[in-house]
Amino acid sequence: MTQNFYPKVSLRLVMLVLLCGWLGQAQALITCSINAPAALNFVYVSGTNNTSPNNKIQSAVVATCQRNLVGDPTNATLTLGATDGLQPAGTTNQAVFGGNLIGYNLYRNLACSAQFRDTAVTRLQANFNSATLSPVTVTFDYWGCIPGQVVASFPAGIYTDSVALTLRNSTQPLVALATSAIPVNITAPAKCSISGGPGNIAFSYTAFGLANFQFTGFSADCTNSLPYTMDVTPSSGVVGGLRYELGLADVAGSASNLGPASLSRVGSATGSRAHVINGAMLANQAGLMGAIVPQAHTLTITY
């Protein structure tokens, strides 16, 4: 009985080892790697939405796959899933710069309506059709989109994020064939513009009279947190033989408190800041008879 017992045990061990080896091959019938994905490089101007070309980018992830067993079925469906970025808000990814966030997402269609995520119904799919043992490329097309943002203006800078990718065979959805990540860069450019003026400054002056004070307003629409400087040149002039002076301020001043000819401020998160150009015609001037020739002045914003 002892001689018959040990050969049976040894035979079962050998069969078990062979079975495990065959299962290991079955799990590696297809092997893949993901080529380094191209970064999504947006240029986002505050207030625009995904109808802007700069806010919608078509791109692709390319995988290299091959079969490792001759005679394996030639067709397979590969799926690519994209996780949340590093600082998501619900189903929206967010790129970060200095604590400020710009939202964006990945999509499966040009209309930016079908999100590209990592669930069974949101993954990208591609066919792998090769009976050879040579590597072939498989391409997954997608779109990156930035919708309109609630914030009126974002600080200028480069906002960054990273979206992780997982490649699978649809027949083995729990097995990762390859992983990688898409770098995301959103450049928010610095910008400044003038709106709502300035208009003309019209003095009403009586010879040898008191100083006359007038002003005109305008708004500076500059990127949030962006330092800018306003200059009015020349800062004084003579019209009709009457000398006057100009100054810049955030609110209307007085004939004795015009403000400087150069004023520095920082862009507001609400989108614009109100400013004025104050003007004062000095007292006790005789003036000249004849036609009055208007004098031109230039308002310059430097940032």
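Heavy atoms only: backbone and side chains are in, while hydrogens, waters and symmetry mates are out.
- A salt bridge links Asp250 with Arg265: the closest approach of a Lys/Arg side-chain nitrogen to an acidic carboxylate oxygen falls below 4.0 angstrom.
- A pairwise comparison of heavy atoms in Ala63 and Phe140 identifies CB-CE1, 4.4 Å as the closest pair.
- Panel note: side chain Asn105, backbone Thr91; a donor-acceptor pair is recorded below 3.5 Å.
- Counting only N and O atoms by type, the side chains of Gln58 and Asp141 include no donor and acceptor under 3.5 Å apart.
- Taking both residues in full, the closest heavy atoms of Ser219 and Ser272 are given as CB-CB, 4.3 Å, listed atom of the first, atom of the second, then distance.
- Counting only N and O atoms by type, the side chains of Ser153 and Thr223 include no donor and acceptor under 3.5 Å apart.
- The closest side-chain donor-acceptor pair between Asn55 and Asn50, if any, does not fall under 3.5 angstrom.
- Residue Ile158 places its CD1 atom among 12 or fewer non-hydrogen atoms of other residues, nucleotides or ligands, all under 6.0 Å distant.
- In terms of modelled atom types and a separation under 3.5 Å, the side chain of Gln87 and the main chain of Gly85 share no donor-acceptor contact.
- Closest of all the heavy-atom pairs between Thr216 and Ile201 is CG2-CG1, 3.8 Å.
- Summarising the geometry, atom NZ belonging to Lys191 is positioned 8.0 Å from atom SG belonging to Cys222; distances are rounded to the nearest 0.5 Å.
- A donor-acceptor contact closer than 3.5 angstrom links the side chains of Asn109 and Ser113.
- The two residues Thr139 and Ala60 have their closest heavy-atom pair at CG2-CB, 3.9 Å.
- Between Tyr303 and Tyr228, the distance separating the two ring centers is not shorter than 6.0 angstrom.
- With ring centers used as reference points, His275 lies 6.0 Å or more from Phe215.
- Rounding to the nearest 0.5 Å gives a distance of 4.5 Å between CD of Gln94 and CG of Leu101.
- Atom CD of residue Gln125 and atom CG of residue Leu80 lie 11.0 Å apart, to the nearest 0.5 angstrom.
- Of all non-hydrogen atoms in Leu110 and Lys56, the two that sit nearest each other are O-NZ, 3.1 Å.
- Side-chain contact check for Asp231 and Ser262: at least one donor-acceptor pair (N or O, by modelled atom type) lies under 3.5 Å.
- The distance between the ring centers of Tyr107 and Tyr142 does not fall below 6.0 angstrom.
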Problem set entry | Test log, rule salt bridge (Lys or Arg N to Asp or Glu O under 4.0 Å), inputs Asp221 and Arg273 | CA-CA 7 Å; Asp221 304 304; Arg273 292 191 62 163; over 6 Å; no
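- A donor and an acceptor atom, one from each side chain of Ser52 and Asn54, are nowhere located under 3.5 Å apart.
- Between Tyr104 and Phe42, the two ring planes are tilted [angle within 30° to 60°].
- Interatomic distance, Leu106 CG to Cys145 SG, rounded to the nearest 0.5 Å: 8.5 Å.
- Rounding to the nearest 0.5 Å places CD1 of Ile102 at 5.0 Å from CZ of Phe154.
- Side-chain atoms of Asn35 and Thr64 form a donor-acceptor pair, as typed in the model, at a separation below 3.5 Å.
- At a cut-off of 3.5 Å, with distance as the only test, a side-chain donor of Asn49 or Thr51 sits close to an acceptor on the other residue.
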